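Note sheet for the following structure.
The model shown is predicted, which means the values in this text are computed figures rather than measured ones.
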Amino acid sequence: VTVNAAGAVSNNLTIDAGAGTAITLNLTAAGVLTSSGNVSILSNNILAFGGAGTFNVKGAFSYSGAASAPTAGTVAFTGTLGTSLITPGNFTFYNLTINGTGATYTLGAAITANNDITISNGTFDVSGANYGVTCKGNWTVGSGTFNYQAGTVTLSKAGTATQTISGATFYNLVLDNATAATTGSKTLANAVNILGALTIGNGGAGISQLNAGANDISVAGNWTNNCVGGLSSSGTVSLNGISGTQTIAGSQSTTFNNLILSGSATKNINTSEQVNGDLQFSSNSGTVTLAAAAVISDGGGNNTFTISGSN
């Protein structure tokens with residue numbers, strides 16, 4: 001079944017060949033299909049994109065068909081009320097858009113988009129099961145809401161193009177480029193708040209540099225840098241965990257501009273770090289412990305080192 005023009009519509013849509021030949025639903029570059037209800041792609045059937053078509057889904061999305069990873073096209077969730085599940089099964093999205101004011105789309109399993117994830121309106125929820133989200137293109141949160149719960153977002157892009165991160169708070173954030181040919185940085189479009197852990201380089205062979213520019217970064221969990229030159233920043237990093245132990249570690253040293261240690265969590269600095277700007281231990285910071293082999297150095301400029309309180 002091919003959709004090769006705009007204007008195709010359905011209510012609930014189920015693709016089920018039964019015992020017959022598997023059905024492929026294919027959207028071409030000009031194809032636009034809008035389902036006002038739920039979408040179910042059942043066993044052995046396939047959702048495919050032969051170009052940059054658009055599949056608008058207002059209800060739930062369930063895929064139990066054959067593996068499919070389109071290299072173009074957008075699935076846009078556009079409902080305006082209620083909560084609907086996204087259960088991707090063997091389907092890998094190319095572009096994934098949440099654009100339904102008043103609706104919540106909740107994950108029923110981990111999800112991967114081989115290009116952009118855009119949350120324009122409505123809510124995208126990783127669910128109480130904290131399903132993982134992998135985005136291999138730009139990550140953009142506009143007027144919508146990302147309900148991160150205690151989940152992990154992995155940003156992993158192939159090639160040399162920049163991967164832009166815009167407008168979101170995360171729980172755990174992992175920056176990892178899998179292939180050695182991947183050299184594009186992860187670039188912040190604005191300040192970022194990470195309520196869990198930040199990992200720069202997670203075993204992939206590519207370069208996973210976080211280019212923050214002048215944008216500030218707040219991290220309440222562990223800071224782990226496994227990438228040479230893992231941070232490029234002219235702003236401030238605040239490590240502000242409030243409970244337990246917050247660890248600054250990894251296989252590589254991080255070069256910070258300004259670094260603030262605050263929050264009542266114990267801070268363990270396990271690897272050598274460089275601070276080119278100001279270093280501040282706030283009065284509300286938990287005990288800061290520098291590992292025996294770790295050194296905090298400056299970049300040779302006029303820096304301020306401030307310790308407030310007794311820690």
(message) For the backbone of Asp125 and the side chain of Asn147, can you confirm whether one donor and one acceptor N or O come within less than 3.5 Å of each other?
(response) no
(message) Could you check whether any side-chain N or O of Gln209 sits under 3.5 Å from a backbone N or O of Gly230, counting only pairs where one atom can act as donor and the other as acceptor?
(response) no
(request) Report the distance from atom CG of Asn202 to atom OG of Ser208, rounding to the nearest 0.5 Å. (result) 8.5 Å
(request) Say whether, by atom type as modelled, one donor and one acceptor occur between the side chain of Asn130 and the main chain of Ala150 under 3.5 angstrom. (result) yes
(message) Starting from Leu195, can I reach Leu198 by hopping between I/L/V/M/F/W/Y residues whose side chains sit under 4.5 Å apart?
(response) yes
(message) How long is the straight-line distance from OG of Ser62 back to CG of Leu85, given to the nearest 0.5 Å?
(response) 8.5 Å
(message) Would Ser232 and Leu210 count as a side chain to side chain contact (heavy atoms under 4.5 Å, CB included) here? Give the steps.
(response) CA-CA 6 Å; Ser232 175; Leu210 176 58; over 6 Å; no
(request) For residues Ser272 and Ser253, report the shortest heavy-atom separation together with the two atoms involved. (result) O-OG, 2.8 Å
(message) On a heavy-atom basis, which atom in Leu261 and which in Ser285 lie closest, and how many Å separate them?
(response) O-CB, 3.5 Å
(request) Is it possible for you to say whether Val288 and Val237 belong to one hydrophobic cluster, with membership spreading through side-chain heavy-atom contacts below 4.5 Å? (result) yes
(request) Return the minimal non-hydrogen interatomic distance between Thr92 and Pro70, and the atom names on each side. (result) O-CD, 3.2 Å
(request) Given ring pair (Phe, Tyr, Trp, His ring centres under 6.0 Å), test Phe77 with Tyr105 step by step and report yes or no. (result) CA-CA 8 Å; Phe77 292 94; Tyr105 286 92; 5.0 Å; yes
(message) To the nearest 0.5 Å, what is the distance between OG1 on Thr162 and CG on Asn211?
(response) 7.5 Å
(message) I need the Thr101 OG1 to Leu81 CG distance, nearest 0.5 Å.
(response) 11.5 Å
(message) Strictly distance-based, threshold 3.5 Å: is any side-chain N or O of Gln246 a donor or acceptor partner for the main-chain N or O of Val219?
(response) yes
(request) Using only heavy-atom distances, determine whether the side chains of Thr271 and Glu273 contain a donor-acceptor pair under 3.5 Å. (result) yes
(message) Would Thr247 and Trp223 count as a side chain to side chain donor-acceptor pair (under 3.5 Å) here? Give the steps.
(response) CA-CA 6 Å; Thr247 301; Trp223 174 288; over 6 Å; no
(message) Can you confirm whether Thr152 sits close enough to Leu173 that some side-chain heavy atom of one is under 4.5 Å from a side-chain heavy atom of the other?
(response) no
(message) For the residue pair Ser185 / Thr187, report whether a side-chain donor-acceptor contact shorter than 3.5 Å exists.
(response) yes
(message) Any non-hydrogen side-chain atom of Thr74 less than 4.5 Å from a side-chain atom of Asn115?
(response) no
(request) Go through the side-chain N and O atoms of Gln274 and Asn276 and say whether any donor and acceptor fall under 3.5 Å apart. (result) yes
(request) Calculate, to the nearest 0.5 Å, the distance between atoms NZ and OG1 belonging to Lys136 and Thr154 respectively. (result) 10.0 Å
(message) Counting C-beta onward and ignoring hydrogens, is there a side-chain heavy-atom pair between Tyr148 and Val133 closer than 4.5 Å?
(response) no
(request) Supply the atom-to-atom distance Ile200 CD1 to Ser251 OG, rounded to the nearest 0.5 angstrom. (result) 11.0 Å
(request) Please answer: with hydrophobic residues joined when any side-chain heavy atoms are less than 4.5 Å apart, are Tyr131 and Val174 in the same cluster? (result) no
(message) Under 4.5 Å between side-chain heavy atoms, counting indirect links through other Ile/Leu/Val/Met/Phe/Trp/Tyr residues: same cluster for Phe281 and Phe256 or not?
(response) yes
(message) Does any part of the side chain of Val275, heavy atoms only, come nearer than 4.5 Å to the side chain of Ile296, both counted from C-beta?
(response) yes
(message) One pair to check against side chain to side chain contact (heavy atoms under 4.5 Å, CB included): Leu239 and Ile248. What are the steps and the verdict?
(response) CA-CA 9 Å; Leu239 302 179; Ile248 300 92; 3.3 Å; yes
(message) So which atom in Ser35 and which in Asn11 form the shortest heavy-atom distance, rounded to 0.1 Å?
(response) OG-O, 2.7 Å
(message) Under a 3.5 Å cutoff, is there a donor and acceptor pairing between the side chains of Asn99 and Asn121?
(response) yes
(request) Let me know which of Leu25, Leu27, Asn26, Thr24 forms a side chain to side chain contact (heavy atoms under 4.5 Å, CB included) with Val1. (result) Leu25
(request) Please work out which of the three classes, parallel, tilted or perpendicular, describes the rings of Tyr63 and Phe61, given edges at 30° and 60°. (result) parallel
(message) For the backbone of Ala22 and the side chain of Asn44, can you confirm whether one donor and one acceptor N or O come within less than 3.5 Å of each other?
(response) no
(message) When you compare the side chains of Thr28 and Asn4, does any donor N or O come within less than 3.5 Å of an acceptor on the partner?
(response) no
(request) Please assess Ser156 against Asp176 for the test side chain to side chain donor-acceptor pair (under 3.5 Å), listing each intermediate value before the final yes or no. (result) CA-CA 5 Å; Ser156 176; Asp176 191 46; 5.4 Å; no
(message) Given 3.5 Å as the limit, does a donor-acceptor pair link the side chain of Asn45 with the main chain of Ile23, or not?
(response) yes
(message) Between Ser262 and Asn240, is there a side-chain donor-acceptor contact under 3.5 Å, judged purely by atom types and distance?
(response) no
(message) Could you walk me through whether Leu13 and Phe55 satisfy the side chain to side chain contact (heavy atoms under 4.5 Å, CB included) test, starting with their C-alpha distance in whole Å, then the side-chain angles of each, then the deciding distance to 0.1 Å, before giving a yes or no?
(response) CA-CA 12 Å; Leu13 175 62; Phe55 190 4; 3.9 Å; yes
(request) Find out if a path of hydrophobic residues (ILVMFWY) with successive side-chain heavy-atom gaps under 4.5 Å connects Val3 to Ile41. (result) yes
(request) Answer yes or no: is there a side-chain heavy-atom contact under 4.5 Å between Phe170 and Val192? (result) yes
(request) Please answer whether the main-chain N or O of Asn38 pairs with a side-chain N or O of Asn12 as donor and acceptor at a distance below 3.5 Å. (result) yes
(request) Have a look at Phe146 and tell me which of Val126, Ile98, Ile117 forms a side chain to side chain contact (heavy atoms under 4.5 Å, CB included) with it. (result) Val126
(request) Return the minimal non-hydrogen interatomic distance between Lys58 and Thr78, and the atom names on each side. (result) CG-OG1, 3.4 Å
(message) Is it the case that the side chain of Ser68 and the backbone of Leu47 share a donor-acceptor pair, with hydrogens and angles ignored and the cut-off at 3.5 Å?
(response) yes
(request) State whether the side chain of Asp16 and the backbone N or O of Gly18 hold a donor-acceptor pair below 3.5 Å, judged by distance alone. (result) yes
(request) Measure the shortest side-chain to side-chain distance between Phe93 and Ile111 over non-hydrogen atoms and say whether it is less than 4.5 angstrom. (result) yes
(request) Without swapping roles, check the side chain of Gln163 against the backbone of Asn138 for a donor-acceptor pair under 3.5 Å. (result) no
(request) May I ask you to test the Phe124-Leu96 pair for a side-chain heavy-atom distance under 4.5 Å? (result) yes
(message) How close do Phe49 and Thr54 get, counting heavy atoms only, and between which atoms?
(response) CE2-N, 4.3 Å
(message) Is any side-chain heavy atom of Leu259 closer than 4.5 Å to one of Thr236?
(response) no
